[in-house]
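Below is one structure, written out as structure tokens, with a few remarks after it.
Just so it is clear, the model here is predicted, and its values are computed rather than measured. A note on names: the letters A, B, ... follow the listed sequences, proteins ahead of strands, and every chain is numbered from 1.
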2 protein chains.
Amino acid sequence: MKSEKISELTTNRLSIYLRCLNELAAEGSKTVSSDNLAKRFHLNSAQIRKDLACFGEFGVRGVGYYVEDLRQQLTKILGLDHHHRVGIIGAGRLGTALTDYYGFRQTNFEVAALFDADREKIGTVVSDVKIYDVRDFAKIADRQGIDVAVIAVPAEYAQRVLEMIVASGIKAVMNFAPTPLLADEEIKLKTIDLTISLESLSYFLAGSGKNGKE
Amino acid sequence: MKSEKISELTTNRLSIYLRCLNELAAEGSKTVSSDNLAKRFHLNSAQIRKDLACFGEFGVRGVGYYVEDLRQQLTKILGLDHHHRVGIIGAGRLGTALTDYYGFRQTNFEVAALFDADREKIGTVVSDVKIYDVRDFAKIADRQGIDVAVIAVPAEYAQRVLEMIVASGIKAVMNFAPTPLLADEEIKLKTIDLTISLESLSYFLAGSGKNGKE
DNA sequence: ATGCATTCGTGACGTTTTTCACAAATTGGT
DNA sequence: ACCAATTTGTGAAAAACGTCACGAATGCAT
Ligand SMILES: NC(=O)c1ccc[n+]([C@@H]2O[C@H](COP(=O)([O-])OP(=O)(O)OC[C@H]3O[C@@H](n4cnc5c(N)ncnc54)[C@H](O)[C@@H]3O)[C@@H](O)[C@H]2O)c1
Ligand SMILES: NC(=O)c1ccc[n+]([C@@H]2O[C@H](COP(=O)([O-])OP(=O)(O)OC[C@H]3O[C@@H](n4cnc5c(N)ncnc54)[C@H](O)[C@@H]3O)[C@@H](O)[C@H]2O)c1
């Protein structure tokens, strides 16, 4: 058990392990070995053991890991035993698609409110969630107990929106605008940049043409 | 100039550099130094020079890089001078949100067709794009010249859909289903897993509570 | 022309991440 | 009670990645 800084690569893998354990639990498995887990995806068993070792000794030598026990441990470590309330800023196509995305509920996140600057949208309801005026963000966020913000506005407004979010005291932000944002150390900002992923595919296609077989 | 394998981290950064160069070009800058570029985001100037050096010597000592020249070089390296046709499998909330996402057109990608298994949806049109029966995928993909596929179906169908895509000869796939997929070496598969990012925020919030200031 | 201020390209170095390999712990069969 | 078969936890080695620092090339001022 190391209590140094845990890398994000490690915690991302914990999510994958947990998902797999949930499946195993549903299938009725009682125990699972790191080797067995590793084969399910494209991973090395030592890595799994090391990742888990960061948080304690959960395994039993000669046996493996108890599925239900490890599942609960990881759920707790990832904070998925707590409820979170999400505010989405930008009630456009992406914002509304996310609003009733089942993945949120599955992981104990609940979309509590949408925010937009468009007068036509303010006051309307999408998937049972009300759209508020973005200028009231701090007030509503506080009243609704929002602790996670999602940025789904056009890139040119993203930095300003982020600053508004930070000013309201929220510490966890997910950004979908394709632009790198500057944030304080104490904030957790996760940017999902679709453009980069797309261009990565484009790069691959451009290169594979050069010496590709077909 | 190294012609070894280029890491994905490097190509991802190329996307970021290109985006910045596009802005600089729009502002009318003629040249830019690696130091100057580095300051715009959170990067080291040596890294930028090294990334670029993988593909050639684009800079001029004492001057920096010519914005327009480098912009064109990167556009070509990333394959963004070619047009790509995208097929989206799963015409649900995410699939339709993506359909008229401007980011696609901006990067020379065009959504050519949607595919679904739902009889009610097949035959209808979303943002000028027709929804086809997923069983006709290979035929339509071929006829429409689709070279990039996007998986936007529920996780439990994703692997089967991927196999169908691969069987049709398409080499570049973007997956939004929150599940790790198994694919051949020769395919470029990029998974955007929102759940992992969400859980990463959850982990942060769980940990910051332990010794947080407020 | 010469010197000086820049800035690239890159080898060397340091850090992080992954993989290897093996002692230590546990189970089950005899 | 002991041995063989597992499988963990972890130090050590390897690989990948990032940063530093400096020689070499260029432009500009004098
Ligand atoms: N549509 C997609 O599939 C998709 C995918 C990935 C990323 N994105 C990114 O997500 C962001 C939103 O995309 P979209 O397609 O939903 O755009 P959209 O135009 O459909 O929606 C943007 C919404 O933001 C609102 N808005 C603008 N400025 C605002 C402000 N300052 N405060 C609050 N609301 C404001 C607008 O009124 C609009 O309702 C963009 O940055 C886009 O690049 C979109
Ligand atoms: N909604 C979001 O904001 C969001 C965000 C990130 C990831 N995702 C993921 O994207 C996927 C789709 O999410 P969604 O919210 O759009 O779901 P959805 O239920 O709105 O849409 C899914 C669509 O896929 C179709 N479908 C099902 N099986 C199919 C098959 N075999 N072939 C073709 N089409 C089929 C369904 O008919 C439906 O139209 C899911 O895996 C989800 O986890 C969704």
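- Applying the ring pair (Phe, Tyr, Trp, His ring centres under 6.0 Å) definition to pairs two or more places apart or across chains, those involving residues 79-98 of chain B are B:His84-B:Phe109.
- Note: CG (B:Leu70) to C1' (C:dC8) measures 13 Å, nearest angstrom.
- Ionic pairing of B:Glu199 and A:Arg19 is not present here: no N-O contact between side-chain nitrogen and carboxylate oxygen is shorter than 4.0 angstrom.
- Looking at heavy-atom distances under 4.0 Å, B:Thr10 makes no contact with the nucleic acid at all.
- If you take CD1 of A:Ile48 and C1' of D:dT10, they are 16 Å apart, rounded to a whole angstrom.
- Atom CG of A:Asp69 and atom P of D:dT8 are 14 Å apart (whole Å).
- In this structure, CZ of A:Arg13 is placed 4 Å from P of C:dT18, rounded to the nearest angstrom.
- Counting non-hydrogen atoms of neighbouring residues, nucleotides and ligands closer than 6.0 angstrom, the OH atom of A:Tyr157 reaches no more than 12 such neighbours.
- Contact annotation: the side chain of B:Pro178 never approaches that of A:Gln106 to less than 4.5 Å [non-hydrogen atoms, C-beta and beyond].
- Residue B:Phe41 contributes atom CZ, which lies 16 Å from atom C1' of D:dG18 at whole-angstrom precision.
- Using a 4.0 Å heavy-atom distance criterion, B:Leu52 is classed as making no nucleic acid contact.
- Distance, A:Tyr65 OH to D:dG9 C1': 8 Å, rounded to whole Å.
- In this structure the side chain of B:Met174 reaches within 4.5 angstrom of the side chain of B:Ile192, judged on heavy atoms.
- Across the protein-nucleic acid pair, B:Phe58 atom CZ and C:dT10 atom P stand 12 Å apart, rounded to whole Å.
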**Asked** When every nucleotide of nucleotides 19-27 of chain C is labelled 5' to 3' by its protein contacts under 4.0 Å (heavy atoms), B for base, S for sugar-phosphate only, - for none, what sequence of letters results?
**Response** BBB--BBBS
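- Atom CG of B:Leu37 is separated from atom P of C:dT7 by 12 Å (rounded to the nearest Å).
- Considering only side-chain N and O atoms, A:Ser34 lies nowhere under 4.0 angstrom from the phosphate OP1 or OP2 of D:dT7.
- Closest non-hydrogen pair, A:Ser34 versus A:Ile48, comes out as O-CD1, 3.7 Å.
- Residues A:Val148 and A:Ile170 are not in side-chain contact: their nearest non-hydrogen atoms beyond the backbone lie 4.5 Å or more apart.
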